[in-house]
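Since the structure comes first, as structure tokens, the remarks are kept for the end.
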Amino acid sequence: MSTKYIFVTGGVLSGVGKGITAASIGALLKARGYKVNIQKCDPYFNFDAGTLNPAEHGEVFVTKDGAETDLDLGHYERFLDIELTQSSSTMSGRIFRQVIEDERAGKYLGKTVQIIPHVTNAMQEAIAEAGRGFDVHIVEVGGTVGDYESTAFIEAIRQFRHHVGAKNTLSVHVVFLPYLTASAEVKSKPAQNAVRDLREAGIQPDILIARTDHAIPEGVLSKLSLFSDVAREAVIPLATVKTVYSVPSLLESAGVGKIIAEHFGFNKKKPNLKNWQDLERRVLSKDYKTVKIGLIAKYLDHQDTYASVIEAIKAACWSEDKKAEIKWIDAEALTFKNVASKLKGLEGIVVPGGFGSRGVEGKIVAATYAYKRDIPYLGLCLGMQVACIAVARIAGLHDANSTEFDPKTAHPVIGLMDDQKTLTVIGGTMRLGNYECLLEKKSKAAKLYGTTKIEERHRHRFEFSNEYEDIMEAQGLFIVGRNPLTGLAEVVEAPAKKYFLASQYHPEFTSRPMRPNPLFLGLIQSI
Ligand code: GLN
């Protein structure tokens, strides 16, 4: 079977769930037994998401091969329960750089290099490459159709359809229907215009997903169908729901899976979505006991900054029949004076990853407090570094620090590896992606993972200096996981505590809603 392609575009405005829709469609096809891949094409000019400010763009999601990507890849991995690679994240900057490099290498043989066909060809190659070997390949184009920036990607998918044939591609357009309180009406005009923009670009949608916060009357749906030339049954209302994990089942009952299966000539077998329904039941359960977890955060005004961490905490709770109540604590405002009152009532503390000195002292305060009061603690990357600094300070090394925050510290518990010291380029130069880690047999971490040999994803520059190991051990904090090749510390834990465990890697990226990462599970089980 040749690969079938589904293109997901958006209209009216961004941020209405195009990524969740694409991921949910993938889940429906996977549930039908097809091998699915998924890719995000982002129109902005960055080369990858590594240098983007998380306060603006949300978290940087890291794949196993070390790609620094848009957070939508996190949704994809969680919904599809697969591991993606760099080929699933294509940003304009990456395409343009390749075209310019090809031009410098003389590959265009004297031709004028243009957006069409050279850039659009490179985009199509990136799509074909990512789709190779899969039954279905889903491609989400970031932004909204009509944005100046996304024009080349839209033209590329139009040409792609032309090359592989309409029967092998399907276009899903996600639009938003605003609600006017004054007249109590859902309005379809912006959505109609958004479809017109797509058709002007030469793409006729096969499915229209109409996102809204209200019920859409039949008349509005028929009108949308008429004016966008999409069959009425393929105009799918998708109201905002309590949990994103309801979306696969919702789309299935609205007939999306069936329409796609018919379009591609797939089998008519109904998919088994029992696992999704079970997850939905857990997520929405009102009977679960609440667990109060404090997230010691630096970015407080963007929900998406710690998306994977939050999903991992919640997933661990659901699997233990509990409900997470996550309290964001402003790291910058945390001091030894106010820590007892600010962390009052918390049953567990999570210190996530981060860069730069802002808020670091507050995170060290939180780790110290958790250690001394035996409050379950999970540290993620920077969260491990501050845990080590906290314990070194408890041991009497009062100016213990990371050279990231105090380059002149007399006790660089955390420092740079030699090969990082001479770097002058920021983008893509960290320790990224999967590295192996060997866990001590008797450690809590090994028990939780059920094995001593693991691989997890990394995104950091600084490392624990092994010369401080003895000092930490004397305080009860042990290195129980190491990289087998370099001896670098990967996991630390304090066996005498209820749960005090931290990893240099980011366990949140491999956590799944139905299969939480063991370190998060351990935290919730200890409460
Ligand atoms: N800033 C730290 C480092 O570069 C931690 C990075 C992180 O938490 N992702 O090592």
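Values below: all heavy atoms of this structure, side chains included; hydrogens, waters and symmetry mates excluded. Owing to the predicted nature of the structure, the values given are computational and were not obtained by experimental measurement. One-based numbering, in listed order, for ligands and for the atoms of each.
Annotation: cation-pi pair R431/Y505 absent, no NZ/CZ under 6.0 Å from the ring centroid and within 45° of its normal. Because its NZ or CZ atom is not both nearer than 6.0 Å to the ring centre of Y288 and within 45° of the ring axis, K322 does not count as a cation-pi partner of that residue.
Near ligand 1, heavy-atom contacts under 4.0 Å come from G353, G354, F355, C381, L382, Q385, E404, R459, H460, R461, F462, H506.
A search for salt bridge (Lys or Arg N to Asp or Glu O under 4.0 Å) contacts involving R94 returns nothing, not counting sequence neighbours. For E280, the side chain to side chain donor-acceptor pair (under 3.5 Å) partners are S246, not counting sequence neighbours. Residues that satisfy the salt bridge (Lys or Arg N to Asp or Glu O under 4.0 Å) test with K242, not counting sequence neighbours, are absent from this structure.
With contacts defined as side-chain heavy-atom distances shorter than 4.5 Å, the pair C388/M472 qualifies.
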